[in-house]
**Student:** 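The structure's right below; bear with me while I get my questions together.
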Amino acid sequence: MLEIFQQHINNNLNFLKKTKLLIAISGGLDSVVLTHLCHQLGLHIGLAHCNFNLRGEESDGDEEFVLQLSEDLELEVFIENFDTETFAKDHKLSTQMAARTLRYHWFSELAEQLHFDYILTAHHADDNLETFLINLSRGTGLEGLTGIPEVHGKIIRPLLHFSREQLEQYALKNRITWREDSSNASNKYLRNKLRHEVIPVLKDINPQLLQNFQLTQAHLQDSKTIIDDSIEEVLKKTVTNMSEHEIHFSIEKIKGLSHPKAYLYHMLKDYQFTEWQDVTDLLDAQSGKQVCSKSHCLLKNRDELILFRTINDTPEKVIVISEENKRVKTPLGTLRFELTDSLETGNPSTIYVDKDLLKYPLTVKKWEKGDYFYPFGMESKKKLSKFFKDEKLSILEKEKVWLLCSNQDIVWILNYRADNRFKITDKTHNILKITLDNDT
């Protein structure tokens, strides 16, 4: 397998050979094999392990195993402990989603601070098939069927073309040990039920299941790329006006499309609509008719459809924050400000800044064309329009972006990225913790 893996890196991920890589390692088979493969190829790697404190002594055993592996392979290792259950409760998330949120936020933060170019995860072909079946069973659009991407920004998944069976054979052949997560044996979760009861039957029916599935997904991904490009062009033609709180669509231009219902779905799917036939019927409804989701309404107004947000009060154009303010409501939730003596990583809704670098009053406002900032971890400035493009934000997603600013300088693109100019350094005397709480 090492030779095949090396060929895959050379042919498809050659850029990894000259970069600094951070491997997300749990101690399980997949991530341990990925670590050994990358180490064998001489790639420049470090390890990052999350202890979610969900399995007591077993979680601590995973941490000890990873520490020993890093020592055996002479690799740099980073360990972070999380109070996952509290985070899940505070943010109204499932335990699995809370762990995922904490994990990826910490990996990204670590990569930025220590200048790792990419983060490697050990998702493999069986994981991809499980994700496909989960989405299929719950009902999904094309985006739910295209599976886990091999390259997604700084996240790279170099094992996606390999099966779990291949990984296990490699580990056994090379006498590589790993840790077994006891929760993986339980059928409490849908993923485990599919893994233990459904997929083995499918593989028994068709031994080439994984190979055929990968071919199908390649076709679906090609189709999705074409659709995404088409939707972006359609938005440019059908959006007639975009203000701070509304987006206006031309009914005439939507009805002129080859499949209006399908286009409406792709244009509006991020706004929690579910009754797509009702949405489509608005095209021919009387003026004043509307369809609402949990967060937005779509109103028929003469020759337009107007999309507007229904939750939260209509905010002021600019929200002013004095130095005395400790809690301030914004369109995205409540901002909390407090001085602290320590930094805690792992919360994607919190940033830490040097308070003495801020100029009060602070403001929260919508972004404007020409705005720029210095992304955390970078010394050079970047236009927000370029940042949004790199983040692959759609026209509609950009409409929901708000900024926390000091004078005219961006401190934080709320929910996305902090500015490097206000970061904590060894010269910082007053650390300000800023947290965005979701009120919805």
Side-chain angles (χ1 to χ4, degrees), residues 1-14 16 21 23-41 43 45 47 62 69 96 100 103 118-137 140 144-152 155-187 189-222:
M1 180 182 170
L2 177 61
E3 183 178 347
I4 300 174
F5 181 75
Q6 183 173 24
Q7 290 175 356
H8 179 62
I9 296 296
N10 291 339
N11 296 334
N12 303 296
L13 302 170
N14 193 54
L16 295 181
L21 309 173
I23 295 181
I25 182 167
S26 65
L29 170 69
D30 316 334
S31 56
V32 170
V33 168
L34 176 61
T35 298
H36 278 275
L37 289 170
C38 291
H39 184 257
Q40 285 289 96
L41 295 185
L43 300 180
I45 58 175
L47 305 181
D62 293 344
L69 177 63
Q96 288 179 310
R100 184 181 188 280
R103 177 170 62 243
Y118 297 101
I119 301 163
L120 305 188
T121 69
H123 293 91
H124 48 72
D126 291 80
D127 292 324
N128 213 1
L129 177 59
E130 291 164 10
T131 299
F132 174 90
L133 292 174
I134 289 171
N135 292 338
L136 184 66
S137 68
T140 183
L145 302 179
T146 53
I148 307 169
E150 183 173 40
V151 178
H152 183 66
I155 305 294
I156 313 293
R157 302 176 174 96
L159 294 181
L160 272 185
H161 298 281
F162 300 88
S163 68
R164 189 182 195 284
E165 183 181 0
Q166 287 176 289
L167 303 185
E168 188 169 354
Q169 288 176 353
Y170 178 80
L172 294 173
K173 181 179 179 180
N174 291 275
R175 298 182 180 179
I176 295 172
T177 59
W178 67 89
R179 296 274 295 177
E180 289 287 357
D181 184 339
S182 61
S183 65
N184 288 336
S186 169
N187 284 341
Y189 301 110
L190 175 58
R191 183 176 292 275
N192 287 353
K193 197 172 185 67
L194 290 170
R195 180 180 301 167
H196 298 309
E197 298 181 6
V198 177
I199 292 177
V201 175
L202 294 176
K203 287 183 176 180
D204 185 56
I205 295 172
N206 180 8
Q208 300 300 312
L209 175 66
L210 278 182
Q211 294 91 320
N212 293 342
F213 168 68
Q214 289 177 331
L215 182 61
T216 297
Q217 281 214 314
H219 294 320
L220 290 173
Q221 287 164 358
D222 290 342

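Here the structure is a predicted model, which is why all the values come from computation and not from measurement. Numbers for residues simply follow the sequence, beginning at 1.
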**Student:** Could you measure the distance from the CG atom of L29 to the OG1 atom of T177? Nearest 0.5 Å is fine.
**Tutor:** 10.5 Å

**Student:** Flag the pair K203 and D126 as a salt bridge only when some basic side-chain nitrogen lies within less than 4.0 angstrom of an acidic carboxylate oxygen.
**Tutor:** yes

**Student:** State, to 0.1 Å, how close A24 and S31 come at their nearest heavy-atom pair, and which atoms those are.
**Tutor:** O-CB, 3.6 Å

**Student:** Between CD of Q211 and CG of N206, what distance do you get to the nearest 0.5 Å?
**Tutor:** 8.5 Å

**Student:** Would you say L133 and L202 make side-chain contact, with heavy atoms under 4.5 Å?
**Tutor:** yes

**Student:** Quick one: closest heavy-atom pair of I4 and F162, and the distance?
**Tutor:** CG2-CE2, 3.7 Å

**Student:** Are the side chains of L41 and L2 in contact, using a 4.5 Å heavy-atom criterion?
**Tutor:** yes

**Student:** Please name all residues satisfying salt bridge (charged side-chain N to carboxylate O under 4.0 Å, His left out) with R164, sequence neighbours left out, ordered by chain then number.
**Tutor:** E168

**Student:** Under the 3.5 angstrom rule, does the side chain of N128 hit a backbone N or O of I148 as a donor-acceptor pair?
**Tutor:** yes

**Student:** Ignoring hydrogens, what is the shortest heavy-atom contact between F132 and L145? Give both atom names and the distance.
**Tutor:** CD1-O, 3.4 Å

**Student:** List in chain and number order the residues that pass side-chain hydrogen bond (donor to acceptor under 3.5 Å, both in side chains) with H8, two or more places apart in sequence or in another chain; answer none if no residue qualifies.
**Tutor:** N12, E150

**Student:** To the nearest 0.5 Å, how far apart are NE2 in H123 and CD in E130?
**Tutor:** 10.0 Å

**Student:** Any sub-3.5 Å donor-acceptor pair from R157's side-chain atoms to H124's backbone N or O?
**Tutor:** no

**Student:** Shortest non-hydrogen contact from P200 to H196?
**Tutor:** CG-O, 3.5 Å

**Student:** Rounded at 0.5 Å granularity, tell me how far CD1 in I199 sits from CG in L209.
**Tutor:** 7.5 Å

**Student:** Distance check, rounded to the nearest 0.5 Å: L220 atom CG versus F213 atom CZ?
**Tutor:** 8.5 Å

**Student:** Would you give the length of the straight line joining atom CD1 of I156 to atom CG of L13, rounded to the nearest 0.5 angstrom?
**Tutor:** 6.5 Å

**Student:** For Q214, is there any backbone N or O sitting under 3.5 Å from a side-chain donor or acceptor partner on Q217?
**Tutor:** no

**Student:** Mind checking whether T131 and R191 have side chains closer than 4.5 Å, heavy atoms only?
**Tutor:** yes

**Student:** Please name the pair of heavy atoms, one in W178 and one in A171, separated by the smallest distance, quoted to 0.1 Å.
**Tutor:** CZ3-CB, 3.5 Å

**Student:** Can you name the residues that form a salt bridge (charged side-chain N to carboxylate O under 4.0 Å, His left out) with E197, not counting sequence neighbours?
**Tutor:** K193

**Student:** Which pair of heavy atoms, one from V33 and one from L167, lies closest together, and at what distance?
**Tutor:** CG2-O, 3.7 Å

